[in-house]
Amino acid sequence: MTEIDIPESHPRYESLLTRHRIEAGVEKGITSQQGLIAQGRGEAFDYLLGEETIPSADAAERVAAAQLLAADHAVLSVNGNVAALVPGEIVDLAEATGADIEVNLFNRTRERMERIADHLRDHGGTEIKGLEADGRIPGLDHERAKVDADGIGSADVVLVPLEDGDRAEALAEMGKTEIVIDLNPLSRSAQSAAVPVVDNIIRAVPNMTAHARELAGAADDDLAEIIEEFDPEETLVAAERAIRGGDLDG
Ligand code: ATP
């Protein structure tokens, strides 16, 4: 990935780096034009959150790690923005949790699917799912419904970062435990998640990996307790409070 020369001391370093990665993703044919718009929306919310991981998001990231570790079959769903922003970090999270990686696009084309799979392999990914498309999510139109039967189709826990609301809701209706990363706590995706993570994916994924490594030896009962104690509603309220009132302890 080509990186521009932004001094790390720049006050908006992370924001500029994120923007540049999305631009590079569009140039490489990984990220769609709509992905640019989603990025703009995310940036606005991140600005309001103080561009940092608020404590409630850190707690949700720990719960997400526990969910991935406790799953029978966890899958990390990757779209064009996710691939452009955190390709190596997704591979690390998959390794730390034993999850599969599946490419899943809102605007699905064979060419973009393959480019993203190649991009993930360039970042250390081995088995990348999504190209079989032999499973369906009920309630969505044909192209949007496609998944791999032995991937998202049969997963019990799915991480869906930056997902559109329709698909997030449809996956939740299938009975899957859904972990959503979305900077907008009011989005339908965040609202339909069992574990909403209101944080920038750039910070959220490495932090989930750190939590997963820390929880790697935990007993099943301990993971179950972490999962049980979590209240998604409280997390969304805390994020909204942080955005509205600048209460960054939220
Ligand atoms: P809804 O869930 O309300 O239907 P949508 O389908 O309109 O939302 P998109 O336009 O597809 O959502 O945008 C995806 C979401 O991803 C937005 O809510 C945006 O805030 C969020 N987002 C964008 N960039 C990032 C990022 N880097 N990290 C986390 N979230 C992000």
Side-chain angles (χ1 to χ4, degrees), residues 42 45-46 49 52-79 81-83 85-102 104 151-152 155-165 167-169 171-172 174-185 187-240 242 250:
F45 282 103
D46 204 17
L49 280 165
E52 64 174 28
T53 302
I54 59 173
S56 58
D58 178 53
E61 283 154 14
R62 185 160 182 266
V63 176
Q67 286 277 17
L68 293 170
L69 289 168
D72 288 331
H73 179 201
V75 176
L76 315 180
S77 176
V78 173
N79 65 19
N81 285 48
V82 177
L85 291 174
V86 285
E89 293 84 347
I90 282 284
V91 171
D92 288 347
L93 181 60
E95 271 169 19
T97 59
D100 284 338
I101 298 176
E102 177 162 342
N104 220 276
I152 290 175
D156 56 340
V157 176
V158 192
L159 172 72
V160 281
L162 285 54
E163 184 59 274
D164 86 288
R167 202 158 45 191
E169 283 178 348
L171 281 168
M174 277 178 91
K176 304 204 183 285
T177 298
E178 208 171 24
I179 304 162
V180 164
I181 302 174
D182 193 325
L183 278 158
N184 178 4
S187 78
R188 285 182 299 146
S189 309
Q191 302 269 342
S192 62
V195 185
V197 172
V198 184
D199 197 6
N200 195 322
I201 190 170
I202 281 219
R203 299 185 297 268
V205 172
N207 198 32
M208 277 182 201
T209 303
H211 281 300
R213 291 193 175 130
E214 186 239 332
L215 291 170
D220 289 353
D221 283 355
D222 293 333
L223 294 178
E225 197 180 322
I226 293 169
I227 291 167
E228 193 58 38
E229 281 174 358
F230 180 71
D231 180 351
E233 196 54 41
E234 255 175 40
T235 297
L236 292 171
V237 168
E240 223 186 300

Point to revise | Value rounded to 0.5 Å, distance of OG1 in Thr97 from CG in Leu215 | key: 11.5 Å

Point to revise | Atom pair CG (Asn184) and CG (Leu49), whose distance is rounded to the nearest 0.5 Å | key: 10.0 Å

Could you give the side-chain donor-acceptor pairs of residues 200-211 under 3.5 Å, partners two or more places apart or in another chain?
unit_1 : atom_1 : unit_2 : atom_2 : d
Asn200 : OD1    : Ile202 : N      : 3.1
Asn200 : ND2    : Asp46  : OD2    : 3.0
Arg203 : NE     : Thr53  : OG1    : 3.3
Arg203 : NE     : Asp199 : OD1    : 3.0
Arg203 : NH1    : Glu14  : OE1    : 3.1
Arg203 : NH1    : Asp46  : OD2    : 3.3
Arg203 : NH1    : Glu51  : O      : 3.4
Arg203 : NH2    : Asp46  : OD1    : 2.7
Arg203 : NH2    : Asp199 : OD1    : 2.9
Asn207 : ND2    : Asp58  : OD1    : 2.7
Asn207 : ND2    : Glu61  : OE1    : 2.5
Thr209 : OG1    : Val205 : O      : 3.1
His211 : NE2    : Asp58  : OD1    : 2.9

Exercise for review: Taking all non-hydrogen atoms of both residues into account, name the closest pair between Val198 and Leu183 and its distance.
Suggested key: CG1-O, 3.4 Å

Exercise for review: Locate the shortest heavy-atom distance separating Ile179 from Gln67; write the atom from each residue and the value.
Suggested key: CD1-CB, 4.0 Å

Point to revise | Closest approach of Ala239 to Ile54 (non-hydrogen atoms, all atoms of both residues) | key: CA-CD1, 3.9 Å

Review point. Considering only heavy atoms from C-beta outward, does the side chain of Phe230 approach that of Thr235 to under 4.5 Å?
Key: yes

Point to revise | Asp220 atom CG, over 12 foreign heavy atoms within 6.0 Å | key: no

Check your understanding: Do side-chain atoms of Asp182 reach the backbone of Ala190 as a donor and acceptor pair under 3.5 angstrom?
Key -> no

Study note, to complete from the structure: side chain to side chain contact (heavy atoms under 4.5 Å, CB included) filter on Ala168, not counting sequence neighbours, yields Glu163, Glu178, Ser189, Ser192

Revision key, fill the gap. In terms of heavy-atom contacts, Asn79 and Pro161 come closest through ND2-O, 3.7 Å

Exercise for review: Work out which heavy atom in Ala96 is nearest to a heavy atom in Leu69; give both atom names and the distance.
Suggested key: O-CD2, 3.7 Å

Check your understanding: Is there side-chain contact between Leu159 and Leu93, with heavy atoms separated by less than 4.5 Å?
Key -> yes

Point to revise | For Glu95, side chain to side chain donor-acceptor pair (under 3.5 Å) partners two or more places apart | key: none

Study note, to complete from the structure: One should read off an interatomic distance between Asn104 CG and Leu171 CG, to the nearest 0.5 angstrom, of 7.5 Å

Point to revise | With Leu76, the side-chain contact (heavy atoms from CB on, under 4.5 Å) member among Asp100, Leu68, Val91 | key: Leu68

Check your understanding: Which atom pair, heavy atoms only, marks the closest approach of Val160 to Ser77?
Key -> CG1-CB, 3.8 Å

